[in-house]
Amino acid sequence: MPVCPFCNKGTNDYFLQSRRFAAIYNISPILPGHALIIPKEHKESLFELSDEEVAEFMILGRDVARLLTAVFETDAFNWAIQEREAAGQSVAHLHMHIVPRAMGDFVDPGAWYHELEKSASGDIDTFTRFRLSQVQLEELTMKMKMAALRLNINTMP
């Protein structure tokens with residue numbers, strides 16, 4: 001059984017977190033600011049979450065979008081959850097993508113889907129896209145942590 005890359009994440013990798021969920025910067029961002037909301041414990045499906053956990057998951061997503069709004073100077077986002085391989089999920093651990101958008105980032109705002117189709121696998125989680133180095137990932141995570149502190153965005157109870 002392959003090791004889950006999200007189960008290997010810890011507090012140093014999180015830029016924002018709640019009791020059961022964490023926000024991490026995507027190692028292979030489609031656009032700058034591309035973040036992921038993940039359960040801290042291995043869960044593969046939204047159906048495995050209680051109503052309370054779904055609420056916590058979405059609230060953390062909203063807080064991350066609020067943080068991305070400030071850091072990336074935007075108010076537009078794509079939010080995406082893919083469940084199972086048939087839906088394009090390549091890591092079998094529940095995660096929600098939050099991608100900050102800006103006018104002109106693609107000629108057609110809906111082209112983000114076409115850009116995904118140009119990749120080898122055609123999915124949002126493809127391993128063929130550009131990947132950040134570990135140093136870049138750590139720097140971006142620290143930038144997001146510092147911005148969260150400065151903006152007083154803290155979801156921990």
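This one's a predicted model, so the numbers in the text were calculated from it and none came from an experiment.
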Quiz item: From Ile24 CD1 over to Leu16 CG, what is the distance, rounded to the nearest 0.5 angstrom?
Solution: 12.5 Å
Quiz item: So which residues get pulled into Leu149's cluster when ILVMFWY side chains under 4.5 Å apart are joined, directly or through others?
Solution: Met142, Met146
Quiz item: Which hydrophobic side chains are connected to Val135, either touching it within the sub-4.5 Å cutoff or through other members that do?
Solution: none
Quiz item: How long is the span from the OG atom in Ser28 to the CG atom in Leu36, to the nearest 0.5 Å?
Solution: 10.0 Å
Quiz prompt | Spatial distance of atom CZ (Arg66) from atom CZ (Phe77) [nearest 0.5 Å] | solution = 10.0 Å
Quiz item: Can you list the residues that meet the side-chain hydrogen bond (donor to acceptor under 3.5 Å, both in side chains) rule with Lys43, with sequence neighbours excluded?
Solution: none
Exercise. Would you indicate whether the side-chain heavy atoms of Thr11 and Gln17 approach each other to under 4.5 Å?
Key: yes
Practice problem: Not counting sequence neighbours, which residues clear side chain to side chain contact (heavy atoms under 4.5 Å, CB included) with Ser45? List them please. | Solution: Phe47, Glu48, Glu83, Arg84
Quiz item: When rounded to the nearest 0.5 angstrom, what is the spacing between NE2 in His93 and NZ in Lys40?
Solution: 11.5 Å
Quiz item: How many angstroms lie between CE in Met58 and CG in Leu46, if you round to the nearest 0.5 Å?
Solution: 8.5 Å
Quiz item: What pairs with Ala55 under side chain to side chain contact (heavy atoms under 4.5 Å, CB included), at least two apart in sequence or on another chain?
Solution: none
Self-check item: Contacts of type ring-ring contact (aromatic ring centres under 6.0 Å, His included), residue Phe57, not counting sequence neighbours
Solution: Phe21
Quiz prompt | Atom of Ala70, atom of Leu151 and distance for their closest heavy-atom approach | solution = CB-CD1, 3.3 Å
Quiz item: Among all residues two or more places apart in sequence or in another chain, which pass the side-chain hydrogen bond (donor to acceptor under 3.5 Å, both in side chains) test with Glu139?
Solution: none
Exercise. Answer yes or no: is there a side-chain heavy-atom contact under 4.5 Å between Phe15 and Val64?
Key: yes
Self-check item: Those residues that, when tested against Gln134, pass side chain to side chain contact (heavy atoms under 4.5 Å, CB included) (two or more places apart)
Solution: Leu137, Glu138
Quiz prompt | Lys9 to Tyr25, cation-pi by 6.0 Å centre distance and 45° axis angle | solution = no
Quiz item: In terms of heavy-atom contacts, does CG of Asn8 have more than 12 from other residues, nucleotides or ligands at under 6.0 Å?
Solution: yes
Quiz item: By salt bridge (Lys or Arg N to Asp or Glu O under 4.0 Å), which residues pair with Asp13, not counting sequence neighbours?
Solution: none
Self-check item: Listed partners of Tyr14 passing ring-ring contact (aromatic ring centres under 6.0 Å, His included), at least two apart
Solution: none
Quiz prompt | Side chains of Leu94 and Ile81 in contact at under 4.5 Å (non-hydrogen atoms) | solution = yes
Quiz item: Is any side-chain heavy atom of Val91 closer than 4.5 Å to a side-chain heavy atom of Pro5?
Solution: yes
Quiz item: Between atom CG of Asn26 and atom CG of Leu140, what is the distance when rounded to the nearest 0.5 Å?
Solution: 11.0 Å
Quiz item: Closest heavy-atom contact between Pro100 and Leu31?
Solution: O-CD1, 3.9 Å
Exercise. Quick one: which residue pairs count as a salt bridge (Lys or Arg N to Asp or Glu O under 4.0 Å) with a foot in residues 20-34, not counting sequence neighbours?
Key: Arg20-Glu52, Arg20-Glu56
Exercise. Take the angle between the ring planes of His97 and His34 and call it parallel below 30°, perpendicular above 60°, tilted in between.
Key: tilted
Quiz item: Out of Leu67, Ile37, Asn78, which one pairs with Ile98 under the side-chain contact (heavy atoms from CB on, under 4.5 Å) rule?
Solution: Ile37
Exercise. Using side-chain hydrogen bond (donor to acceptor under 3.5 Å, both in side chains) as the criterion, list what pairs up with Ser50, not counting sequence neighbours.
Key: Glu53
